[in-house]
Amino acid sequence: MHFHTPLQGYLRGHIARAMEYDFKAIEAKWRARWTADATYTAEERDDKTKYYVLDMFPYPSGAGLHVGHPLGYIASDVIARYKRQCGFNVLHPQGYDSFGLPAEQYAIQTGQHPAVTTERNISRYRQQLDLLGFSYDWSREVRTSDPEYYRWTQWIFGRLFEHGYNRFSDKAEPISALILHFENQGNAGQDWAVGEDTLAEAGHRHLGPDFIGEFTAEDWNGLDAQGKSDVLMAYRLAYLADSEVNWCPALGTVLANDEVIGGLSERGGHPVVRKKMRQWMMRITAYADRLLESLEDIDWSDSIKEVQRNWIGRSTGAQLWFSVERHEGQTIEVFSTRPDTLHGASFLVLAPEHPLVSEITTAGQRDAVEAYQTETASRSERERMAGDRGATGCFTGAHAKHPLSGKPMPIWIADYVLAGYGTGAVMAVPAGDQRDWEFAKAFGLDIPAIFEGHNTDEGALTDKDAVLCNSGDWNGMPCHAALPLSIDGLSKSGLATPKVNHRLRDAVFSRQRYWGEPFPICYVDNVPQLIEGHAILLPEVDAYLPTETGEPPLARAENWNVNHGDRMEYNTMPGWAGSSWYFLRYMDPHNPDAFCDRAKSDHWGQVDLYIGGAEHGTGHLLYSRFWTKFLFDLDLIGFEEPFAKMVNQGMILGRSSFVYRQEGSNTFVSFEERKAHRTQRLHVDISLVKNDMLDLDGFRAWRPEFADAEFILNENGEYRCGSEVEKMSKSKFNVENPDDLVERYGADTLRCYEMFLGPLEQAKPWDTQGISGVHGFLRKLNRLYRNADGETLIHDGEPSAEAERALHKAIKKVTEDLERLSWNTVVSALMIGVNELTEAKAHERSVLQPLAALVAPYAPHIAEELWEMCGGNGSVVDAEWPQWNPEKLVESEVNYPVQFNGKVRFQLSTPADASPKDVEAAVMSDDRTAQQLQGRTPKKVIVVPGRIINIVG
RNA sequence: GCCCGGAUGGUGGAAUUGGUAGACACGACGGACUUAAAAUCCGUUGGCCCGAACGGGCCGUGCGGGUUCAAGUCCCGCUCCGGGUACCA
């Protein structure tokens, strides 16, 4: 074929390029083949070691995927493919966390059933995911909103409802065992995790006002169904309790703390009040210590482990009692991590909500106290925390007696003491605690000195090496030594008891929403009954809003009373219910008889590698650990940590572009000229900008208000935009969508490029400028196998030593880097390999066939094509991972950099087999050494074999 | 405030156990091809200095010290940036 005209020349270039690396045809071909052959179906098998790689499953939002989403998926897919080629039996599933708020809000606005929009979003996600060539076994897909899935979420809830936590055996046990115990001995002689408040309330209601936490077998047997149910709620792992929530009457729902801003709802700006509501709760606190301890056994990042440790917030210390003067028998219970500083305690501070406050407040202080309480109640917990931190508080007029000195201690209330932590009361030691010190200063309270050499006017001393004084028996001791003695001594004299406290609180498990799992609960005579044996399907409702009377949306359902009790539970479960166990369902996704067959979970075991964002540190990752431990306790699975190793990918940031509008005009100034004018910076859609230069016509067409825009251009006659790296977001017009890039460069290029951007864990800017380099690499790879006309170059000759060395060097580097999960450096190792092989004109099958296997995890489509061209057996997906041969790597000479006093002066080439002695002799006899030394005698000659020579002196 | 990260060319980043800092890319600049442009290919590209050139020198991994034959890497003291987060008793 001959081309003569310019147009024909252009066409020739175009066609040649298309033939050269026709990624569209290649990718379409292999996508179809993989689907037809069910290439990625995983089965249990005993001849191979299993490897379970998992992504955090996505919530299918209406916006579709942007380039940030696939980052983690590509990384896990690379490992899944690598492990498969290494001979592992890989489980690599994907699914959807498909219950959630956005679909519900959309439903409220449009009336469309959330199931419909969810289904639509899922198919969009699936389309986008399929384009990227992931090796997911889609036959195992799970969706949390599928009744076949959520019936097992409901079933696990049922098990949590039916179990409590026995501290003697340190595991969950059936509540029926506890009932048996109650029938025989009441609640004495057992140590099950208990909600003290819930128990006290139930006791007072059913056993009389004198109830102090203990009941006999007789008491128990005398209780009616309601009474028994109420008492058991204090022990169940899933239980009903009154808990304080942010309630928004206008929206008819509970809001999370971060949905409340300044006492108003984030959406709509309606007033929010703090209100006690009956809610389903999860007794995760029973597992606090186990959740803390087994962090040691898992390979997660230090930062995320630290987040979990802080969240659990274990602190050890003692519980102390202070008797209240003029209130016979009334004591205030206090938790302190520093009972060694007891001698320095000069006043008590209670949370404003502390139940004793109204009782002990004196008549003279009552008005002031109540005013302070009202003020506190009107502020959300978040505001209390975010306040200006100036000390506020109010004296109750009452005094407590110091347990050692007997001195009176004024009792104050202040909002820096939280009702929900510890006992809601603290003993203030102003000399040893900065907040107490500030409080004492602000209100002129006593600051007893208890540390040697401490000036109490300058602030608190929190150093544990400080030496105590004015502290009786502990005088002269450093605090760290006095602390255990104080706990021991105070306990022996009955003034205190050792105590471990956790910051972790039980989790609220109810939502007043529609699009979530219904509870398998109905009420009979107000007693909750578990419904077993089948799914409780989400009923149809006429609107996705609360009822007129403020009941959750499910109360609108007609004829839904499937169990013929008085009524169903109208709350639904929170988003984290389904995501707490989904990794188990993948192992046995279609089982109609169990959440997951024990043999299957034994076979696949823990997730070996879990990849996802770090933003779930205290939510999903804590709850799924909790549920896994619970299921382990019930012997339903054989491991108690779900995710053996986890990597958290960093956020991908967008590169935004800006135009500069002259104030009050429709004239836009190029970046270089912007300072000469008064300008306003505006985001401009990045699709209108190429290499920072604005497409002027495109800009005018972008929005009507810019149709008659004028431009002040730079000296090249172009309009240069400004840029900034920030979070990827629709409103910043900097969203990059993977579909466009797949269209332009192909999935293999996108996969390689996302990995090439930098270390996976790191937040990094998305900048497509570099993508052409990666695309060029794949073209170059392709050119090793065939010429510009698409004809094969592969032959069966003997490869040169350089070619073999390049190949084996690449195999070694790629293998080692994949083993240490260094995804980005693998790409550059492959580039180097391809560059060197191109240089060496290597077209031998014995080089190119392993090369195809080597690139397959990153660029599976082109790898399949090239593997096929080489005549490889079957799919490259199962191509054995190439091994490097150290002999092929050996160079005949070693080049030593020669340093003089640490500065490199020249290179010395020596035979590879030279001993350090030979090398030293060679370097010392070198002319250049003599020249550097200028007659001096070196003090020392250091030869690091294979690395470097340093001559000192 | 506390906790966890991080800081390396114009840019993204590499340097795995202390052993040639800047791999691999992008961008930029110069050149080839082309009527031209695009594409492609080749070359240069941390800064400063000496030299006509071959070549050579000095400085350089946020800042200030230190350890070492040798420090981006280890130690001490800071600065700045990112993320998380508790008035947690």
Side-chain angles (χ1 to χ4, degrees), chain A residues 6 9-10 13-14 16-17 301-307 309-311 313-315 317 334-338 341 349 351 384-387 389 391 414-418 420-429 432-436 438-439 501-504 614-615 617-618 648 650-651 655 691-692 725 753 756-759 761-774 776-777 779 788 813 816-817 819-820 822 824-832 835 895-907 938-953:
Chain A
Y10 170 82
H14 202 78
R17 266 200 308 289
S301 73
D302 288 340
S303 68
I304 208 146
K305 283 188 182 184
E306 200 58 29
V307 165
R309 283 192 199 102
N310 289 341
W311 191 258
R314 180 188 158 100
S315 50
V334 152
F335 173 72
S336 174
T337 54
R338 297 293 304 277
T341 63
V349 187
R384 274 168 72 171
M385 293 184 257
R389 312 216 163 186
D415 66 4
Y416 84 81
V417 177
L418 303 176
Y421 182 76
T423 60
V426 301
M427 65 174 207
V429 183
D433 182 284
Q434 191 60 29
R435 287 184 324 274
D436 296 348
E438 280 161 18
F439 195 82
N501 234 326
H502 294 99
R503 197 188 79 87
L504 183 70
E615 65 274 16
T618 53
N648 303 111
M651 205 186 345
R655 188 171 185 275
N691 293 338
D692 283 342
V725 168
Y753 186 57
F756 187 60
L757 281 175
E761 295 92 329
Q762 201 171 295
K764 44 201 166 283
W766 178 257
D767 186 344
T768 44
Q769 285 192 320
I771 202 167
S772 62
V774 177
F777 150 68
R779 287 221 305 258
K813 177 79 176 150
E816 288 173 350
D817 284 0
E819 286 296 332
R820 65 186 177 104
S822 175
N824 55 325
T825 53
V826 170
V827 181
S828 70
L830 290 170
M831 286 174 169
I832 294 169
N835 287 345
N895 230 7
Y896 278 95
V898 182
Q899 294 184 331
F900 288 82
N901 295 318
K903 286 185 193 292
V904 179
R905 291 302 179 212
F906 62 86
Q907 303 282 323
K939 286 193 202 122
K940 211 196 257 183
V941 177
I942 294 158
V943 176
V944 185
R947 289 251 182 213
I948 205 164
I949 301 165
N950 195 3
I951 297 170
V952 187

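Here is how names work: the chains are called A, B, and so on, in the same order as the sequence lines, proteins then strands, and each is numbered from 1.
- For B:U61, there is no paired nucleotide, since no Watson-Crick or G-U wobble pair has both relevant distances below 3.5 Å.
- Inter-residue side-chain proximity for A:Ile942 and A:Gln899 is flagged as unmet; no heavy-atom pair is nearer than 4.5 Å.
- The structure places CZ of A:Arg435 at 6.0 Å from OH of A:Tyr416, a figure rounded to the nearest 0.5 Å.
- Nearest to the side chain of A:Leu418, among B:G19, B:C87, B:C24, sits B:C87.
- Taking atom C1' in both B:C24 and B:G9, one finds a spacing of 14 Å when rounded to whole Å.
- With a cut-off of 3.5 Å on both Watson-Crick or G-U wobble distances, the partner of B:A39 is given as none.
- Going from atom CD1 of A:Ile949 over to atom P of B:C69 covers 18 Å, rounded to whole Å.
- Atom P of nucleotide B:G13 and atom CE of A:Met831 are separated by 15 Å, given to the nearest angstrom.
- A straight line from CZ of A:Phe777 to C1' of B:C26 spans 16 Å, rounded to a whole angstrom.
- OP1 and OP2 of B:G6 both lie 4.0 Å or more from every side-chain N or O belonging to A:Gln762.
- Going from the P atom of B:A32 to that of B:A38 covers 14 Å, rounded to whole Å.
- We find that CD of A:Glu761 is positioned 13 Å from C1' of B:G6, with the value rounded to whole Å.
- Rounded to whole Å, the C1' atom of B:G12 lies 16 Å from the corresponding atom of B:G6.
- In the set B:A25, B:G19, B:A89, B:A25 carries the atom at the smallest distance from any side-chain atom of A:Phe756.
- A 3.5 Å limit on both hydrogen-bonding distances identifies B:G27 as the Watson-Crick or G-U partner of B:U45.
- A:Leu757 has its side chain within reach of A:Trp766: a pair of non-hydrogen atoms, C-beta onward, lies under 4.5 Å apart.
- As rounded to the nearest Å, B:C4 and B:G13 have C1' atoms that lie 23 Å from one another.
- In this structure, B:U34 forms no base pair with any nucleotide, since neither Watson-Crick nor G-U wobble geometry is met with both distances under 3.5 Å.
- Nucleotides B:A28 and B:A37 have their P atoms positioned 16 Å apart, rounded to a whole Å.
- Within the nucleic acid shown, A:Gln434 has no heavy atom closer than 4.0 Å to any nucleic acid atom.
- Listed candidates were B:C3, B:A23, B:C87. Nearest to the side chain of A:Glu306 is B:C3.
- Taking atom NZ on A:Lys940 and atom C1' on B:C69, their separation rounds to 5 Å, with Å as the unit.
- The nearest whole Å value for the distance from the CZ atom in A:Phe900 to the C1' atom in B:C69 is 13 Å.
- The C1' atoms of B:G83 and B:G27 are separated by 30 Å, rounded to the nearest whole Å.
- Across all strands shown, B:A7 forms a Watson-Crick or G-U wobble pair, both distances under 3.5 Å, with B:U79.
- Between B:G47 and B:C80, the two P atoms lie 30 Å apart (nearest whole Å).
- Among the protein residues, A:Asp436 comes within range of no part of the nucleic acid, since none of its heavy atoms lies under 4.0 Å from any strand.
- Applying the 4.0 Å criterion to OP1 and OP2 of B:A25, one finds that A:Asn835 has a side-chain N or O inside that range.
- Going from the P atom of B:U16 to that of B:C87 covers 42 Å, rounded to whole Å.
- A:Met831 has its side chain within reach of A:Val774: a pair of non-hydrogen atoms, C-beta onward, lies under 4.5 Å apart.
- Of the inter-residue distances, the one linking A:Phe756 atom CZ with A:Ile771 atom CD1 reads 11.5 Å to the nearest 0.5 angstrom.
- Between the side chain of A:Lys940 and the main chain of A:Asn950, no donor-acceptor pair closer than 3.5 Å is present.
- A:Arg779 has a side-chain polar atom (N or O) that falls below the 4.0 Å cut-off from OP1 or OP2 of B:U40.
- The distance from the CG atom of A:Leu830 to the NZ atom of A:Lys813 is 11.0 Å, given to the nearest 0.5 Å.
- The distance between atom CG of A:Asn901 and atom C1' of B:C58, rounded to the nearest whole Å, is 16 Å.
- Nucleic acid contact class of A:Leu757 (heavy atoms, under 4.0 Å, all strands): sugar-phosphate only.
- When heavy atoms are screened at a 4.0 angstrom cut-off, A:Val952 is found touching the sugar-phosphate backbone but no base atom.
- The shortest distance between the side-chain N/O atoms of A:Ser301 and the OP1/OP2 oxygens of B:G5 is not below 4.0 Å.
- When the shell of 6.0 Å around CZ of A:Arg947 is examined, it contains 12 or fewer heavy atoms from other residues, nucleotides or ligands.
- Closest to the side chain of A:Asn310, out of B:C3, B:A89, B:C24, is B:C3.
- Taking 4.0 angstrom as the limit, A:Asn824 places a side-chain polar atom (N or O) nearer than this to OP1 or OP2 of B:A14.
- Glycosidic conformation, B:G65: anti, with the torsion outside 90° of 0.
- Comparing A:Lys903 and A:Val307, the nucleotide of RNA chain B nearest to each residue sits closer to the 5' end for A:Lys903.
- For the pair A:Trp311 and A:Thr423, both in contact range of RNA chain B, the more 5′-proximal nearest nucleotide belongs to A:Trp311.
- Shown here, B:U68 forms no base pair; nothing in the strands shown gives a Watson-Crick or G-U wobble contact with both key distances under 3.5 Å.
- Atoms CD (A:Gln769) and C1' (B:G13) sit 15 Å apart, rounded to a whole Å.
- Between A:Arg905 and B:G57 there is a side-chain polar atom (N or O) within less than 4.0 angstrom of OP1 or OP2.
- If you check B:C88 for Watson-Crick or wobble pairing at under 3.5 angstrom, you find it has no partner at all.
- With values rounded to the nearest 0.5 angstrom, A:Glu816 atom CD is found 8.5 Å from A:Arg820 atom CZ.
- Look at B:U73: it lacks any Watson-Crick or wobble partner with both distances under 3.5 angstrom.
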